[in-house]
Amino acid sequence: MTELEPNSPLPQVVPSDFIREIVQQDIASGRRQRIVTRFPPEPNGYLHIGHAKSICLNFGIAMETGGVCHLRMDDTNPTKEEVEYVDSILADVRWVTSGWADSVLGLKRVGETPTSAAHGLDFQIARTTASDGTPLEPFFASDYFDAIHAFAQQLIRLGKAYVCDLTPEQTEQYRGSPDRPGQNSPYRNRSVDENLDLFSQMRDGKFRDSACTLRAKIDMSSPNIWMRDPVIYRIRHAEHHHTGNRWCIYPMYDFAHCLSDYIEGITHSICTLEFEVHRPLYDWILSTLQLPRPLPHQYEFARLNLGYTVMSKRKLLQLVQEKIVTGWDDPRLPTISGIRRRGVPAASLRTFAQEIGVTKYNGLTDLSVFEFAVRSELNRTAARRMGVLHPVRVILTNIPAGEVLWVDAINNPEDPNSGTRRIPFSREILIEQEDFQENPPPKYFRLRPGGDVRLKYACIIHCDEVVKNTTGQVVEVRCTADLESRSGGANAGRKVKGTIHWVSAEHALSAEVRLYDRLFTVAEPDRGDGDFRQYLNPDSLKIIEGWVEPSLREAHPGDRFQFERVGYFAIDVRDSRSDKLVFNRTISLKDGWAKESARSP
RNA sequence: UGCCCGAUGGUGUAACGGUAGCACAGCAGACUCUGGAUCUGUUUGUCAUGGUUCAAAUCCAUGUCGGGCAGCCA
């Protein structure tokens, strides 16, 4: 089970965008009393950060207006959908909304469905709370199959739908093309009775897959392709993850979605830009069925494009199936489960969504915006620890072997309530290879021969001697510790330019550290015709053995830390064990020195 | 060459006929027992051309560029 996030203590600025303005107008004008939105993923893959944007929008509007947002599985295609995806989607939505919008997460009692057309065509199903202890589950479009089927029959009775025997290929030909009108199907003028009869034969399994379809009767010469007698029901002799073998005909997205919205009493049906051309059909279905108003309305916004990654479900599935990554929750993936495993807090996803805004402009968001949201949240909340990733041994010659000096370290300078901890300090320590240079460049102010540096929370040391092996590699640095410069000591105020992190060699814990980098080498790997896999970053994962301070022995899977001066790391929830810690690098710290040193090579 | 949508610094967004602002990135500096964080300063922008108006990023027209639409996918 996914661990949920604590409440975010920071007050949130109420965001504003063109959709929220419409919602506010609808409330102000009295057109809507209570806002009901929905988040309607198809359970055919895992959710990604683009979905997080949509979740933040839909649940955010519900939060801000005192409404509710239904989580609904848009499951009308049995051949692509699986329960594994249903479960992961629920877990991901709970995680993103936890500590923030849990109170407006719309679920329903397990097994509850609309009571079908027995009540006429005007009925609605609403979200319930778990107050009586009944287990809850998401809404499912497939729970409305009876109702949707009744609506289809009604459409036939109104003379607005017909059963068509054209083959898939013929249907395509008859549809015409964007700049050429289509032509009427020869089956377009079947009588109501014949259509009703054929449709019931379809439902009863009298026909093979694709033998015929139910189509809306609209206008084959419409400039909008989706109004050219769109298919609204097709035959699929396939087992459905939620309805089993009860059905062999399934409604198409366009027919099921608007009606699902209607059945749930959705007020604002928010989707991405590619559905813009479907909106006339959405409206046509609801108004042709003469359903009581107010009807739900569809609004569209631009989906998220983020640099150096891919977002399409197809490509993500490909990366998983071809084992280019380790699974849907690989920390390099932009999936919500990957992002979570990597150590990104849910609050970062929310502030990110707020920063990028909601518009109809199809742009490419710079990765740095996301990275900033991650760093700023982690800076506030992550406990500081010390860890050395690429060690070099330092001997403090004036400290006797076997002596252990304990020093106090601040857990989080950004959080006064986080307290302190004790760290062992002794004769042999490990420091970062980068923090010692025999021939340092200008402006380098860490350890050098004959130079001084402060060991964070311990004392200032002076480098006396460098020991190398036969290949000239530095294997040991011998230093003298100024023990009076320890915190609280006589020389505590002594200033040196550099401060570095360290661990006591004898006490440090060995840990596996997984260093993640962007999955692709170019900002838009799926741009152009080529295979996006050619841009895979061969260095997207480096696994090393690092050394961390002993207090980490008590840490738990999922805990997030800042290794001082290095970056943010989370204990892997899948592979870490108490006797062999595994850390995922969430993100590195900003490195001002890297920038400085790159300037004058 | 049909229909729909869009265009504001490097990137993302605000300004709803009246001083083009914010965030990220960048640059410069201050501070620092994290070259982190923080703080200060700062470079860069209304797609083009006409029109309406005292006044246009905003309204209108035309053009340019970008995106979407021809699944019995969603």
Point to revise | Span that lies between the P atom of B:C33 and that of B:A28, in whole angstrom | key: 23 Å
Close N/O contacts between protein and nucleotides 31-34 of chain B (under 3.5 Å):
| from | atom 1 | to | atom 2 | distance (Å) |
| --- | --- | --- | --- | --- |
| B:C33 | OP1 | A:K495 | NZ | 3.0 |
| B:C33 | O4' | A:T499 | OG1 | 3.3 |
| B:C33 | O2 | A:Y457 | N | 2.9 |
| B:C33 | N3 | A:R454 | NH1 | 3.4 |
| B:C33 | N4 | A:R454 | NH1 | 3.0 |
| B:C33 | N4 | A:S487 | N | 3.3 |
| B:C33 | N4 | A:S487 | OG | 2.6 |
| B:U34 | O5' | A:K456 | NZ | 3.3 |
| B:U34 | N1 | A:E564 | OE1 | 3.4 |
| B:U34 | O2 | A:Q562 | OE1 | 3.0 |
| B:U34 | O2 | A:R565 | N | 2.8 |
| B:U34 | N3 | A:Q562 | OE1 | 2.6 |
| B:U34 | O4 | A:R384 | NH1 | 3.0 |

Exercise for review: Looking at every strand, decide which applies to A:I235 at a 4.0 Å heavy-atom threshold: base, sugar-phosphate, or nothing.
Suggested key: nothing
Exercise for review: Within residues 219-227 of chain A, find the residues that approach RNA chain B with a heavy atom at under 4.0 Å, and present them sorted by residue number.
Suggested key: A:P223, A:I225, A:W226
Review point. Looking across every strand, which nucleic acid part, if any, lies under 4.0 Å from A:L304 by heavy atom: base, sugar-phosphate, or nothing?
Key: nothing
Practice item. For A:Q437 and B:G35, give me the distance from atom CD to atom C1', rounded to whole Å. Key: 13 Å
Point to revise | Residues, nucleotides or ligands: over 12 heavy atoms within 6.0 Å of A:E434 CD | key: no
Check your understanding: If you measure from the P atom in B:A74 to the same atom in B:A70, how many Å do you get, rounded?
Key -> 13 Å
Practice item. Pick base, sugar-phosphate or nothing for A:F370, based on heavy-atom distances below 4.0 Å to the nucleic acid. Key: nothing
Check your understanding: Quick one: is A:T76 getting a side-chain N or O under 4.0 Å of the B:A74 phosphate, OP1 or OP2?
Key -> yes
Exercise for review: In whole angstrom, give me the gap between the P atoms of B:U32 and B:A15.
Suggested key: 42 Å
**Study point:** B:U52 and B:A61, which share atom name C1', separated by this distance in whole Å
**Key:** 11 Å
Practice item. Assess whether atom CZ of A:R303 is packed by more than 12 heavy atoms of other residues, nucleotides or ligands within 6.0 Å. Key: no
**Study point:** P gap between B:G21 and B:A57, integer Å
**Key:** 13 Å
Exercise for review: Treat primed atoms plus P, OP1 and OP2 as sugar-phosphate and everything else as base, then score nucleotides 14-23 of chain B 5' to 3': B for base contact with protein heavy atoms under 4.0 Å, S for sugar-phosphate contact only, - for none.
Suggested key: SSB------S
Practice item. Using a 4.0 Å heavy-atom cut-off across all strands, classify A:G357 as base, sugar-phosphate, or nothing. Key: nothing
Point to revise | By ring-ring contact (aromatic ring centres under 6.0 Å, His included) - contacts of A:Y444 (at least two apart) | key: A:W593
Check your understanding: Can you check B:G66 for me, syn or anti if syn means within 90° of 0?
Key -> anti
Exercise for review: Step by step, work out the side chain to side chain donor-acceptor pair (under 3.5 Å) result for A:D408 and A:T420.
Suggested key: CA-CA 6 Å; A:D408 288 314; A:T420 61; 4.7 Å; no
Revision key, fill the gap. Taking a pair to mean Watson-Crick or G-U wobble geometry with both distances below 3.5 Å, B:G36 pairs with none
Review point. Are A:R385 and A:F561 in a cation-pi setup, meaning NZ or CZ lies under 6.0 angstrom from the ring centre and within 45 degrees of the ring axis?
Key: no
Revision key, fill the gap. Quick note, side-chain hydrogen bond (donor to acceptor under 3.5 Å, both in side chains) partners involving residues 228-238 of chain A, not counting sequence neighbours, are A:Y162-A:D229, A:R188-A:D229
Point to revise | Whole angstrom value for the distance that separates P of B:G36 from CD1 of A:I410 | key: 18 Å
Check your understanding: So what does A:Y444 hit on the nucleic acid, given a heavy-atom distance under 4.0 Å: a base, only sugar-phosphate, or nothing?
Key -> base
Practice item. Run the ring-centre check on A:Y46 versus A:H51 and record whether the distance is less than 6.0 Å. Key: no
Exercise for review: Could you pick out which residue, A:G498 or A:T167, lies toward the 5' side of RNA chain B when each is mapped onto its nearest nucleotide?
Suggested key: A:G498
Check your understanding: Looking at side-chain heavy atoms only, is the closest gap between A:F425 and A:C459 below 4.5 Å?
Key -> yes
Practice item. Report the distance from atom CG of A:N411 to atom P of B:A37, rounded to the nearest whole Å. Key: 20 Å
Practice item. Please test A:Y361 against A:L273 for side chain to side chain contact (heavy atoms under 4.5 Å, CB included), starting from the C-alpha separation and ending with a verdict. Key: CA-CA 9 Å; A:Y361 176 71; A:L273 251 26; over 6 Å; no
Point to revise | Separation of the P atoms in B:C24 and B:A37, to the nearest angstrom | key: 11 Å
Practice item. May I have the distance from A:K315 (atom NZ) to B:C73 (atom P), rounded to whole angstrom? Key: 20 Å
Check your understanding: When you check the phosphate oxygens OP1 and OP2 of B:C72, does a side-chain N or O of A:R175 lie under 4.0 Å from one of them?
Key -> yes
Review point. In terms of heavy-atom contacts, does CZ of A:R527 have more than 12 from other residues, nucleotides or ligands at under 6.0 Å?
Key: no
Exercise for review: Write down the distance between CZ (A:F140) and P (B:A74), rounded to a whole number of angstrom.
Suggested key: 17 Å
Point to revise | Intermediate values then yes/no, ring-ring contact (aromatic ring centres under 6.0 Å, His included), A:Y187 and A:Y174 | key: CA-CA 12 Å; A:Y187 307 98; A:Y174 276 70; 8.8 Å; no
Review point. Just how far, in rounded Å, is C1' of B:G35 from CG of A:L447?
Key: 16 Å
Exercise for review: Rounded to whole angstrom, note down the P distance from B:G29 over to B:C22.
Suggested key: 23 Å
Point to revise | Salt bridge flag under 4.0 Å for residues A:E42 and A:K80 | key: no
Check your understanding: Step by step, would you call A:L589 with A:E564 a side chain to side chain contact (heavy atoms under 4.5 Å, CB included)?
Key -> CA-CA 9 Å; A:L589 243 30; A:E564 296 218 36; over 6 Å; no
Practice item. Look at all strands and tell whether A:R279 reaches a base, only sugar-phosphate, or nothing, counting heavy atoms closer than 4.0 Å. Key: nothing
Review point. Within a strict 4.5 Å, meaning less than it, do heavy atoms of the A:D452 and A:L447 side chains meet?
Key: no
**Study point:** Identified ring-ring contact (aromatic ring centres under 6.0 Å, His included) partner of A:H278 from the options A:W226, A:F255, A:W284
**Key:** A:W226
Check your understanding: Are A:R190 and A:D165 ion-paired here, with the side-chain N under 4.0 Å from a carboxylate O?
Key -> yes
Practice item. Using atom OH of A:Y282 as one end and atom P of B:A74 as the other, report the distance to the nearest whole Å. Key: 16 Å
Which atom pairs link the protein and nucleotides 26-28 of chain B when you take only N or O atoms and keep those under 3.5 Å?
| from | atom 1 | to | atom 2 | distance (Å) |
| --- | --- | --- | --- | --- |
| B:G26 | OP1 | A:K595 | NZ | 3.3 |

Review point. If you measure from the C1' atom in B:C16 to the same atom in B:U34, how many Å do you get, rounded?
Key: 46 Å
Review point. Base, sugar-phosphate, or nothing for A:H278, non-hydrogen atoms under 4.0 angstrom?
Key: base
Review point. Using a cut-off of 4.0 Å on non-hydrogen atoms, how would the nucleic acid contact of A:S368 be classed: base, sugar-phosphate, or nothing?
Key: sugar-phosphate
Exercise for review: Can you tell me the distance, in whole Å, between the CG atom of A:L273 and the C1' atom of B:C69?
Suggested key: 12 Å
Check your understanding: When you look at A:H240 and A:F145, which way does the ring-ring contact (aromatic ring centres under 6.0 Å, His included) test go after all the steps?
Key -> CA-CA 12 Å; A:H240 186 281; A:F145 282 171; 5.7 Å; yes
